[in-house]
Amino acid sequence: MKQLLVILFSQALVNNYMLARILGTCPFIGVSQQFETATGMSLAVVFVMTMASVITWLVQHFILNPLGMAYLQTVSFILVIAALVQLIEMVIKKNSPGLYRALGIYLPLITTNCAVLGVAIINISSNYNLVESAVSGAAGGLGWGLAIMLFAAIRERQRLAPISQAMQGFPIALVTTGLLAMAFLGFSGFDVARFIGL
């Protein structure tokens, strides 16, 4: 149980996929203009990361490794992620058309979100078991979601701030992302295992 807590805190805060590893920047910048769309995207990413972590672990250990085809890891993981994104896209389109329109092109771009592929590959390279992989995926998604929701809340406030013309839009978004990343770097010296008592 303590090992799962270490994975949870380290993936969500210490090794945040967006702010520490800089993975998944395209939807992070593109969907973060409104808090509601950022929340919808973060829920989709949490679901896809968690399910992708479980399914890719099963594919790796029950198909690729026994058949000696571990070299197809990246291709097979991308196929799994694409199928999951198609599933969630259909569910969102049917149940929440407004959110589907708000997410626009960024919803199918979860397929190419390198944070989702990164968590799947990191789980295998870290020799996590199935439960640890699921926790790692969920924690990675939660950390990415936390980052995009914080960023969206800041961007909503920035619309009311007197920002110079040269810094409006994308430039201030990059500066804000850098400041958030610096804030999360404060967790980098935090030894989660020692804090929990491992």
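Just the heavy atoms: all of them, side chains too, but no hydrogens, waters or symmetry mates, feed the values below.
Two residues are said to be in side-chain contact when any heavy atoms from C-beta on lie closer than 4.5 Å; L23 and L117 fail this criterion. Within the 4.5 Å cutoff, the side chain of V91 has no heavy atoms near those of the F47 side chain. Looking at Y17 and I122, their side chains come closer than 4.5 Å, going by heavy atoms from C-beta outward. At least one side-chain heavy atom of I154 sits under 4.5 Å from a side-chain heavy atom of L180.
The heavy-atom pair separating I124 from T56 by the smallest distance is CD1-O, 4.4 Å. Contact record, I172 with Q158: CG1-NE2, 3.6 Å, taken as the closest heavy-atom pair. Heavy-atom minimum distance, A152 versus A38: CB-CB, 3.5 Å. Contact record, P27 with W144: CG-CZ2, 3.9 Å, taken as the closest heavy-atom pair. Among all heavy-atom pairs drawn from T50 and G137, the shortest one is OG1-C, 3.9 Å. Contact detail for A134 and V54: the closest heavy-atom pair is CB-CG2, 3.6 Å.
Shown here is R157, whose CZ atom has no more than 12 heavy atoms of other residues, nucleotides or ligands within 6.0 Å. No more than 12 heavy-atom neighbours from other residues, nucleotides or ligands sit within 6.0 angstrom of CD on E36.
Under the 4.5 Å side-chain heavy-atom criterion for grouping Ile, Leu, Val, Met, Phe, Trp and Tyr, L142 is not connected to V116 through any hydrophobic cluster. I148 and L174 fall within the same hydrophobic cluster, defined by Ile, Leu, Val, Met, Phe, Trp and Tyr side-chain heavy atoms under 4.5 Å apart, directly or through other members. Put simply, V175 and F170 are part of two different groups of oily side chains (I, L, V, M, F, W, Y) that touch within less than 4.5 Å, one to the next. When the side chains of ILVMFWY residues are joined at heavy-atom separations under 4.5 Å, either directly or via intervening members, V131 and V46 end up in two distinct hydrophobic clusters. In terms of hydrophobic clustering, with Ile, Leu, Val, Met, Phe, Trp and Tyr side chains grouped at heavy-atom distances under 4.5 Å, M51 and V59 are assigned to a common cluster.
Here the CG atom belonging to L19 is positioned 7.5 Å from the OG1 atom belonging to T177, to the nearest 0.5 angstrom. How far CG of L64 is from CG of L58: 11.0 Å, rounded to the nearest 0.5 Å. Taking CZ of F151 as the start and CE of M149 as the end, the distance is 14.0 Å to the nearest 0.5 Å. The line from CG of N129 to NE2 of H61 is 9.0 Å long, rounded to the nearest 0.5 Å. Between the OH atom of Y100 and the NZ atom of K94 there is a distance of 14.5 Å, given to the nearest 0.5 Å. Residue M49 holds its CE atom at 13.5 Å from OG of S133, rounded to the nearest 0.5 Å.
Within the 3.5 Å criterion, the main-chain N or O of Q60 finds no donor-acceptor partner in the side chain of Q73. In this structure a side-chain-to-backbone donor-acceptor pair under 3.5 Å is missing from S136 to E132. At least one donor-acceptor pair closer than 3.5 Å links the side chain of N16 to the backbone N or O of A12. Side-chain atoms of N123 never come within 3.5 Å of backbone atoms of Y128 as a donor-acceptor pair (strictly under, hydrogens ignored).
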